[in-house]
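Quick notes on the structure that follows.
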Amino acid sequence: MDIILDIVSSSIGFYFCLGYFLIWLSNTIADHLKKRRVSQYHSLRAKERLKFRDKFLREFIQENDFPSDNRREHILNDYKDLKSLREGLDTGKIASIELVMTYIYESANKSHRLGALADINYKYAKKMAMELDLELQEGRIRGPLHGIPISLKDELTLEGTLSTNGLIALSDNLQLTDGCVARVIKEMGGIPFVKSNVPQLLMIPETDNNIFGLACNPRDPDRTPGGSSGGEAALIASRGSPAGIGTDIGGSIRIPAAFCGLYGFKPSAMRTTFKGNAPLNHEYDDDPYIAVFPVSGPLGRSVDDLIILQKGMISPSVWEEDVFMPPIPFDDDIVEEYSQLTKKIKIGYMKSFWSYKPTDPALAAIDKTIDLLKKAGHEVIEMDADLLYEIPEIYGRTVFLGDDMVSKNLKGEKPLPHYELLTMVGYIPAFLKPVVIWVLSLFGMARESTLLKYSDNKDLESLHIGCLKKLKVCDNHMEYWKENDLDCMILPATGMPPLKHGQSAELLPAFIYTAMLNALDYPAGVIPDVITIKDEHLASTYTDPVFGEDESVKATRECLEGSKGLGMAIQVATLTGEEEKCLGIMKHIDTLLKK
């Protein structure tokens, strides 16, 4: 009798487990099929949207009058930055309508061919240009951007345009109101006339997605303009926009600026607004950033462009809307003081960090800047990079949250190959992680194994550890800064020239130099083209003594091949909240470099 009961109970247990497994399997298959159907629907809608945009673009170009070729070239060559554009408009040498139509023409042609465009706002821009011309004639000026066209990154919400974040699931995400950034630009008299392309999910340093496609670098179409504000940089660098606004959580403004020969600025989180920007998941009002915060910031053709735009985004109207922004006015006197620098300052510099060794051109840009600062009488010291040793771990625990971050937002859309490592993280059970980390290290992927070690999208304890480590690193670095009485720090903008398309998967660790300043929440700006690469044989000489012949070293050598003629940038950073000081020192260094 006992034997029969044992058989029955074991059979019940077996069939219970089998039933549970079949229910799980059927639910998984049903969920997969549902996501696939939804993704196919959104994919079709995305193609329709793109066709509609291109049709409208062609019709607008055909149906409207534009300044002559000579007039357009005159505007583009003689009024290259916001300061000169303001002077031209105020003196009547140019009109807003011809300025706007010039940039519409350029953005719809060369910039469009480079894949820089997302959505367009041409009808609104033409209408506003005519209105603002009339206001200017009557002596009414809304602000420093009165009558000037300005481009916005896709993520920044603008009434009547799409904000897709590079996701097919958001290809119908038409904005009914302006976000805070767009409202500020309009208050300043600016005319948001176009939205720029972004990478899928906004999380990689190159720009490609399944809606608007691949964006190319105007300096070399075989290379990326960077990301995630890559479309914005490509648009400005190809003369499709005079200046614009991007966003940054790990270098998304500064990397594209460096790659495309532009100036870019990332303010600290407390001195800018992110309110109203489109979240990755449209089911929520915002994205849940906990330790490292995204910020909005400017890209332009001069430090003055950055100053004008950054000053405008620190305004009373923003303080009223964004409760996280303290009402601290922008101080022009501080900018002026540090741009002239009649007194001597103390500057710290960092040349290398353990997770990625910069290439020789990146180091040469730092050396040139240091030499000029010494000759100008400033004191320069090398900083202790080991104080920031845990920054990659902080990012792994708090920002790169594995497959959950990717698959939940993709909603069935196939991820780009660049996300292979991040998606892999979510599928590896915790007990197998040590084995996989060991195998990756064995096959020359030690950097990737480091990211895997600290990326865990399910463990709240890991996230908590990341937050605590971030606070500790910030405290220690600020204490070191004050002990040494530093005014600013200088470091590479990127460790290598612009990536060739598809290289971000192998070279993600290389962008630690921008990411560390997000983790520290320091304001930071890029000064482009400090040096021009002249050596054709750099690739064969690059090595990394820490990681040996791994995939990142091989990818770096490939990136260096054919890089002759490209420029290398530097970063300048100051303590949290010192935006004016950072911009002033940037202007001073830029003046020294141009002399």
Side-chain angles (χ1 to χ4, degrees), residues 251 254 258 263-268 271 303 334-335 337-358 362-392 394 470-495 510-528 530-531 568-593:
R254 291 159 290 150
Y263 295 80
F265 187 69
K266 177 207 81 71
S268 46
R271 297 296 299 280
V303 179
I334 295 176
V335 176
E337 175 190 351
Y338 283 95
S339 63
Q340 298 299 322
L341 273 186
T342 52
K343 66 177 184 178
K344 306 307 176 186
I345 62 171
K346 191 172 182 181
I347 300 158
Y349 70 90
M350 179 190 298
K351 294 181 71 172
S352 189
F353 188 75
W354 70 268
S355 65
Y356 183 83
K357 177 194 167 189
L363 296 174
I366 297 295
D367 289 338
K368 179 180 177 180
T369 307
I370 291 169
D371 288 343
L372 284 171
L373 289 166
K374 286 179 178 177
K375 288 176 183 176
H378 302 300
E379 184 180 354
V380 180
I381 65 165
E382 186 166 8
M383 299 181 75
D384 183 2
D386 288 341
L387 286 170
L388 304 176
Y389 188 90
E390 293 177 307
I391 294 288
I394 291 167
K470 189 247 184 182
L471 292 173
K472 181 182 177 182
V473 167
C474 289
D475 284 345
N476 290 343
H477 200 263
M478 188 172 290
E479 185 178 339
Y480 173 86
W481 189 293
K482 291 180 177 179
E483 282 176 359
N484 287 278
D485 195 27
L486 296 177
D487 287 287
C488 74
M489 68 183 291
I490 293 169
L491 65 165
T494 61
F511 299 99
I512 187 63
Y513 298 94
T514 52
M516 64 174 59
L517 298 175
N518 292 84
L520 292 167
D521 196 26
Y522 290 173
V526 160
I527 299 174
V530 173
I531 63 113
M568 294 300 299
I570 62 162
Q571 283 187 101
V572 180
T574 52
L575 290 178
T576 305
E578 295 183 344
E579 277 67 19
E580 296 92 338
K581 185 176 182 179
C582 186
L583 288 163
I585 293 174
M586 283 179 67
K587 193 168 181 179
H588 177 68
I589 293 173
D590 193 44
T591 302
L592 293 177
L593 289 166

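This chain uses plain numbering: 1 for the first residue, then up along the sequence. We use all heavy atoms of the structure for the numbers below, so side chains are in, but hydrogens, waters and symmetry mates are not.
When all heavy atoms of Met586 and Gly264 are compared, the pair lying nearest together is CE-O, 4.4 Å. Residues Ile366 and Tyr349 share a closest heavy-atom pair of CG2-CD1, 4.4 Å. Closest heavy-atom contact between Ala362 and Thr494: CB-O, 3.6 Å. Considering all non-hydrogen atoms of both residues, Leu387 and Val473 come closest at O-CG1, 3.9 Å. The two atoms that bring Pro392 and Trp354 nearest to each other are CG-CZ2, 3.7 Å, heavy atoms only. When all heavy atoms of Pro523 and Leu575 are compared, the pair lying nearest together is CD-O, 3.2 Å.
Looking at residues two or more places apart in sequence or on another chain, you find no salt bridge (charged side-chain N to carboxylate O under 4.0 Å, His left out) involving Glu479. Listed by chain and number, the residues in a side chain to side chain donor-acceptor pair (under 3.5 Å) with Thr574 amount to none (sequence neighbours excluded). Listed by chain and residue number, Asp304 satisfy the salt bridge (charged side-chain N to carboxylate O under 4.0 Å, His left out) test with Lys587 (two or more places apart in sequence, or in another chain). In this view, Tyr356 and Thr556 satisfy the side chain to side chain donor-acceptor pair (under 3.5 Å) rule, not counting sequence neighbours. Judged as a ring pair (Phe, Tyr, Trp, His ring centres under 6.0 Å), and not counting sequence neighbours, Tyr480 has no contacts. The side-chain contact (heavy atoms from CB on, under 4.5 Å) test applied to Ile381 returns Lys346, Glu379, Asn484, Leu486, not counting sequence neighbours. Remark: Lys581 engages Asp487 in a side chain to side chain donor-acceptor pair (under 3.5 Å) (not counting sequence neighbours).
Contact of the Met516 side chain with the Met350 side chain is registered, since non-hydrogen atoms from C-beta on lie closer than 4.5 Å. In this structure the side chain of Leu517 reaches within 4.5 angstrom of the side chain of Gln571, judged on heavy atoms. Using a 4.5 Å cut-off on side-chain heavy atoms (C-beta onward), Tyr338 and Lys343 make contact. Taking 4.5 Å as the limit, every side-chain heavy atom of Glu578 sits out of range of all side-chain heavy atoms of Thr576. Considering only heavy atoms from C-beta on, Phe265 stays 4.5 Å or farther from Val526 through its side chain. Using a 4.5 Å heavy-atom threshold, the side chains of Ile570 and Pro492 count as separate.
Of the inter-residue distances, the one linking Ile334 atom CD1 with Cys582 atom SG reads 12.5 Å to the nearest 0.5 angstrom. A distance of 5.0 Å separates CD1 of Ile589 from CD1 of Ile527, quoted to the nearest 0.5 Å. Between the CG atom in Leu363 and the OG atom in Ser352 there is a gap of 7.0 Å [rounded to 0.5 Å]. For the atom pair CD1 of Ile490 and SG of Cys488, the computed distance is 5.0 Å after rounding to the nearest 0.5 Å. Here Ile585 contributes atom CD1 and Ile347 contributes atom CD1; the two are 6.5 Å apart, rounded to the nearest 0.5 Å.
Among residues at least two apart or in separate chains, salt bridge (Lys or Arg N to Asp or Glu O under 4.0 Å) pairs with a member in residues 380-392 are Glu390-Lys469. Listed by first and then second residue, the side chain to side chain donor-acceptor pair (under 3.5 Å) pairs that reach into residues 365-378 are Lys351-Asp367, His378-His588, sequence neighbours excluded. The side chain to side chain donor-acceptor pair (under 3.5 Å) pairs that include a residue from residues 510-527 are Asp248-Asn518, Arg254-Asn518, His477-Tyr522, where partners are two or more places apart or lie in different chains.
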From CA spacing to verdict: side chain to side chain contact (heavy atoms under 4.5 Å, CB included), Leu388, Asn476: CA-CA 9 Å; Leu388 304 176; Asn476 290 343; over 6 Å; no
Residues Val530, Met568; criterion side chain to side chain contact (heavy atoms under 4.5 Å, CB included); working and verdict: CA-CA 6 Å; Val530 173; Met568 294 300 299; 6.0 Å; no
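Between the side chain of Lys357 and the backbone N or O of Gly495 there is no donor-acceptor pair closer than 3.5 Å.
At a threshold of 4.0 Å, the pair Arg271-Glu580 counts as salt-bridged, since one of the basic side-chain nitrogens sits closer than that to a carboxylate oxygen.
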